Amino acid sequence: MMASQETKPPRPYRGRYRKPLATTNLDEIEEDFPEFEAFDNDLTPRAVAPDGDLSVNGVDMMLQSNSQKHFTKNYEVSNLVVRRGQEFTVRVTFSRPLTQGDDFQLEFLIGAEPTVNKGSMVVVTFGSRPGSWAGRILDQQGPSVVLGVTATARAIVGKFRTYVAVVVGGGMKRTKRNPETDMYLLFNAWCPEDPVYLFNAGERGEYVLNDYGVIYQGSAGAVVHREWIYGQFERGILDACISILDASRMPIHDRGDVIKVVRKGSAMVNSQDDNGVLVGNWSDDYSLGQSPTSWTGSVQILLQYANTGVSVSFAQCWVFAGVFNTFLRAIGIPARVITNFNSAHDNTGNLKTDLIFNPDGTPDERNTRDSIWNYHCWNEVWIARDDVPPAFMGWQVVDATPQETSDGHFRCGPASVNAIKEGILCHPFDSGFVFAEVNSDVVFHKKDKFGTLTPYRVEKTIIGTAIYTKAVGANQPSDITQTYKYQEGSREDEATMKRAEEYGCERDHSEVSHNTMTVDVEAKQIMVGEDVDLKMIFSNNGAEDELVQANLACSIIFYTGVTSTHFKEHSFTFTVPANEIKTEALTIKAGDYMPHLGSQVSLHFIVTGKSDDQSVTAIKVLTLQKPQLSLRVSGTPSVWQWMFLTVTYTNNLSFTLKNVTMMMEGTGTLRYRQKKYSSILPRATVSWTESFQPQRPGNSILMAVMDCDNLSQVIGSTYVTVRG
């Protein structure tokens with residue numbers, strides 16, 4: 001009787017691939033080769049290595065000198081980190097000095113089953129034999145040899161394993177697997193042959209090396225900012241960013257293509273369809289996770305995702321942009337966070353943002369699908385693309401906030417900023433969507449009792465009012481609106497809009513009657529908890545008096561323009577004399593809006609007015625200002641010396657803060673800390689001190705965030721220069 005055979009699991013790649021595609025970089029691989037590998041045409045037994053005169057006693061990856069030259073000294077990793085397209089050095093100590101007949105090579109391997117033709121197995125030679133990367137002998141002192149190695153400017157980016165192989169007898173004798181000689185290879189903004197090359201040294205310092213930044217928020221005309229710790233050099237972050245590509249199952253051989261990498265990263269930073277890093281939440285209910293307003297930066301998010309493999313809760317656009325920026329800078333791609341104020345989010349895919357109003361002039365929330373975000377954050381990356389004309393290289397929009405699918409995944413870009421400005425929307429990727437975000441017309445529709453819509457006003461200058469990013473080398477905003485669009489109404493702008501239509505973007509061509517009456521809303525900036533003094537100014541430029549029926553709708557809105565709560569309605573009727581101005585003043589008490597505020601801090605006022613033959617509308621978004629935390633640093637600002645950060649907050653508001661959480665963090669100095677308070681009473685003061693030891697010299701930001709049930713995103717920051 002035959003013995004039963006063990007059933008083997010099917011190999012899913014059989015018949016399709018000879019071997020499965022390598023898609024993981026960080027899995028530990030104990031051994032790639034036997035220590036001795038005979039040449040194929042040699043009769044020497046493979047299992048036995050012949051005794052040779054030359055062998056390798058040690059390999060030194062020369063971390064200190066290489067990291068200085070490759071601008072990677074701040075990475076808190078124990079292995080060498082270098083950039084492709086630029087020479088790095090390796091010191092190999094042999095058993096004796098080299099002679100003329102000696103032959104050896106370095107081997108760099110990435111992923112499982114590495115192969116030469118896919119670039120995942122790289123051979124570097126130092127004689128007459130050809131190699132994949134350039135190699136040369138730089139110095140030789142007895143048995144110690146310093147080797148220069150230059151990876152190609154299109155090499156795979158990730159973590160490589162390193163071997164030294166010596167030709168002995170009829171084969172190759174290799175060093176043993178040694179994790180200490182593993183090497184990280186990054187994109188290189190300093191190398192002219194690398195597609196991410198940036199000529200300007202200041203921009204390289206800002207967009208690759210700066211590990212903190214400023215993200216702009218608020219609303220047009222009332223811009224506020226918050227610091228964000230990118231932390232791309234912090235311990236574990238580089239591996240966490242590589243693990244994101246592993247989790248996506250991106251083939252190893254594609255990881256040298258910057259367009260494929262940023263596109264995959266854009267999809268993976270959100271969890272919408274691939275169990276990526278962050279879960280988006282715009283509901284104002286964050287009980288199952290952490291509020292988007294409470295993060296100090298990207299570090300905690302990326303480490304949590306890498307350690308658990310579970311998507312992190314929760315994020316909104318600036319969190320997606322901040323984490324994506326960390327991912328990009330960590331692997332060497334120049335990147336920056338962009339804020340577009342009055343950003344159009346059009347659900348019908350055209351260049352029209354449609355706002356619908358009921359017959360009585362009140363907003364029709366049920367039928368209005370489009371929205372105008374107070375602001376929206378995305379990223380730009382610098383790429384010299386070879387799939388678009390030269391004029392459209394440079395800054396490219398990439399967006400990780402899940403909005404629309406692109407090739408089946410929630411991602412956006414890279415879309416050329418220059419192409420968007422010119423309205424040439426035929427090139428990949430997603431340029432039409434970004435074009436609409438900064439260029440849509442806002443169309444106001446009046447709905448009659450039968451549901452028929454009649455446009456009565458078209459605004460062409462509301463969307464994309466201002467586009468900001470952090471200035472190079474300064475914590476100031478840089479207005480880059482002109483890189484996305486020409487001056488509104490200029491001949492160049494009209495030409496751009498016409499070209500966009502030729503590429504399929506539908507514009508509004510509604511014929512609207514000329515109004516002799518207009519309305520405007522004015523309100524000064526106030527702190528949370530203060531009353532709002534509104535002025536509604538009606539102007540009648542006609543020759544006849546106008547009897548106006550007016551309505552004021554007051555709401556709390558999410559920054560996305562979506563209504564959270566309606567808290568007040570005010571209707572009034574009055575006459576505006578011919579060629580005169582009539583002002584209606586109204587005070588909105590803090591008690592009217594505070595019970596509904598939650599984590600939102602934007603008040604939304606819509607004033608509508610109608611007479612016999614005219615309809616007018618004005619919208620005012622008022623972003624409430626918030627108190628700040630006070631930060632004080634003490635101690636000796638030197639590496640590994642004790643320092644102290646004290647965070648102080650006095651509640652000058654008229655209400656008690658409940659379920660308070662404070663967070664603090666610093667770049668290269670203070671690891672993330674957290675403290676909770678059940679409540680902070682009016683006029684009460686809390687103070688919190690933590691000690692820390694800086695890990696590296698240089699400029700560092702220390703920041704703290706306070707978040708609670710009825711007040712969000714109270715922030716404070718300070719800067720310290722740490723001596724070596």
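The basis for the numbers below is simple: all heavy atoms, side chains too, and nothing from hydrogens, waters or symmetry mates. Quick caveat, the model's predicted, so the values are computed rather than measured. One-based numbering along the sequence shown.
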Ion pair [X]/[Y], N-O distance below 4.0 Å:
| X | Y | answer |
| --- | --- | --- |
| Lys470 | Glu380 | no |
| Lys658 | Asp709 | no |
| Glu76 | Arg696 | yes |
| Lys524 | Glu530 | no |

Kindly indicate whether the side chain of [X], heavy atoms from C-beta on, has any atom under 4.5 Å from the side chain of [Y].
| X | Y | answer |
| --- | --- | --- |
| Trp282 | Thr560 | yes |
| Val258 | Ile333 | yes |
| Val81 | His70 | no |
| Leu670 | Phe644 | no |
| His376 | Gln403 | yes |
| Cys377 | Ile215 | yes |
| Val157 | Val261 | no |
| Tyr305 | Val310 | no |

For a ring pair (Phe, Tyr, Trp, His ring centres under 6.0 Å) check, start with the C-alpha distance between Tyr375 and Tyr559, then their side-chain angles and the critical distance, and finish with the verdict.
CA-CA 7 Å; Tyr375 64 90; Tyr559 80 98; 4.6 Å; yes
Please evaluate residues Glu522 and Lys620 with respect to the criterion salt bridge (Lys or Arg N to Asp or Glu O under 4.0 Å), reporting the C-alpha separation (whole Å), side-chain torsions for both, the decisive distance (0.1 Å), and the verdict.
CA-CA 7 Å; Glu522 293 181 356; Lys620 176 69 175 180; over 6 Å; no
With distance as the sole criterion, is a donor-acceptor pair present between the side chains of [X] and [Y] under 3.5 Å?
| X | Y | answer |
| --- | --- | --- |
| Ser630 | Thr648 | no |
| Asp707 | Thr293 | yes |
| Thr326 | Gln232 | no |
| Ser700 | Thr667 | yes |
| Asp239 | Tyr184 | yes |
| Ser283 | Asp285 | no |

Does the [X] side chain pair with the main chain of [Y], one donor and one acceptor, at a distance under 3.5 Å?
| X | Y | value |
| --- | --- | --- |
| Asn374 | Ala220 | no |
| Ser243 | Ala240 | yes |
| Glu234 | Gly668 | yes |
| Glu227 | Val214 | no |
| Asn710 | Thr656 | yes |
| Asn379 | Asp399 | no |
| Asn342 | Ala466 | no |
| Ser678 | Asn659 | no |
| Ser294 | Gln290 | no |
| Asp592 | Ile588 | no |

Closest heavy-atom pair and its distance - [X], [Y]:
| X | Y | answer |
| --- | --- | --- |
| Thr623 | Gly218 | OG1-C, 3.8 Å |
| Ala523 | Leu622 | O-CD1, 4.2 Å |
| Val337 | Ala321 | CG2-O, 3.8 Å |

Distance in Å, [X] [atom1] paired with [Y] [atom2], rounded so as to fall on 0.5 Å steps:
| X | Y | atom1 | atom2 | result |
| --- | --- | --- | --- | --- |
| Arg329 | Tyr207 | CZ | OH | 8.5 Å |
| Asp182 | Leu80 | CG | CG | 10.5 Å |
| His345 | Thr401 | NE2 | OG1 | 8.0 Å |
| Asn340 | Thr469 | CG | OG1 | 12.0 Å |
| Trp373 | Ser219 | CH2 | OG | 15.5 Å |
| Trp228 | Ile715 | CH2 | CD1 | 9.5 Å |

Inspect the surroundings of [atom1] in [X] and state if more than 12 heavy atoms from other residues, nucleotides or ligands are less than 6.0 Å away.
| X | atom1 | answer |
| --- | --- | --- |
| Asp479 | CG | yes |
| Gln674 | CD | yes |
| Arg673 | CZ | yes |

If you apply the rule side-chain contact (heavy atoms from CB on, under 4.5 Å), what do you find for Leu624 with Leu603, and how did you get there?
CA-CA 8 Å; Leu624 302 175; Leu603 306 184; 3.9 Å; yes
Quick one: side chains of residues 631-641, donor-acceptor pairs under 3.5 Å with protein atoms, not counting sequence neighbours, listed by atom name and distance.
unit_1	atom_1	unit_2	atom_2	d
Ser638	OG	Arg723	NH2	3.4

According to ring pair (Phe, Tyr, Trp, His ring centres under 6.0 Å), who are the partners of Trp688, at least two apart in sequence or on a separate chain?
none
Partners passing ring pair (Phe, Tyr, Trp, His ring centres under 6.0 Å) against Phe233 (at least two apart in sequence or in another chain)
Tyr75
Can you name the one residue among Val562, Thr563, Ile606 that meets side chain to side chain contact (heavy atoms under 4.5 Å, CB included) with Ser555?
Thr563
Please step through ring pair (Phe, Tyr, Trp, His ring centres under 6.0 Å) for the pair Tyr212 and Tyr719, ending with a clear verdict.
CA-CA 11 Å; Tyr212 60 85; Tyr719 296 87; 5.6 Å; yes
Stepwise, does the ring pair (Phe, Tyr, Trp, His ring centres under 6.0 Å) test hold for Trp190 with Phe71?
CA-CA 9 Å; Trp190 286 259; Phe71 302 96; 4.6 Å; yes
Taking side-chain hydrogen bond (donor to acceptor under 3.5 Å, both in side chains) as the definition, give me every residue that meets it alongside Gln713, ordered by chain and number, with sequence neighbours left out.
Gln217, Arg226
Considering residues at least two apart in sequence or located in another chain, which fulfil the side-chain hydrogen bond (donor to acceptor under 3.5 Å, both in side chains) criterion with Ser712?
none
Report the C-alpha distance between Val223 and Phe341 in whole Å, list the side-chain angles of each, state the deciding distance to 0.1 Å, and finish with yes or no for side-chain contact (heavy atoms from CB on, under 4.5 Å).
CA-CA 9 Å; Val223 176; Phe341 290 97; 3.7 Å; yes
Go through the steps to decide whether Asp533 and Thr587 satisfy the test side chain to side chain donor-acceptor pair (under 3.5 Å), and finish with yes or no.
CA-CA 5 Å; Asp533 292 323; Thr587 297; 3.0 Å; yes
Side chain to side chain donor-acceptor pair (under 3.5 Å) pairs touching residues 60-69, sequence neighbours excluded, are Asn66-Thr89
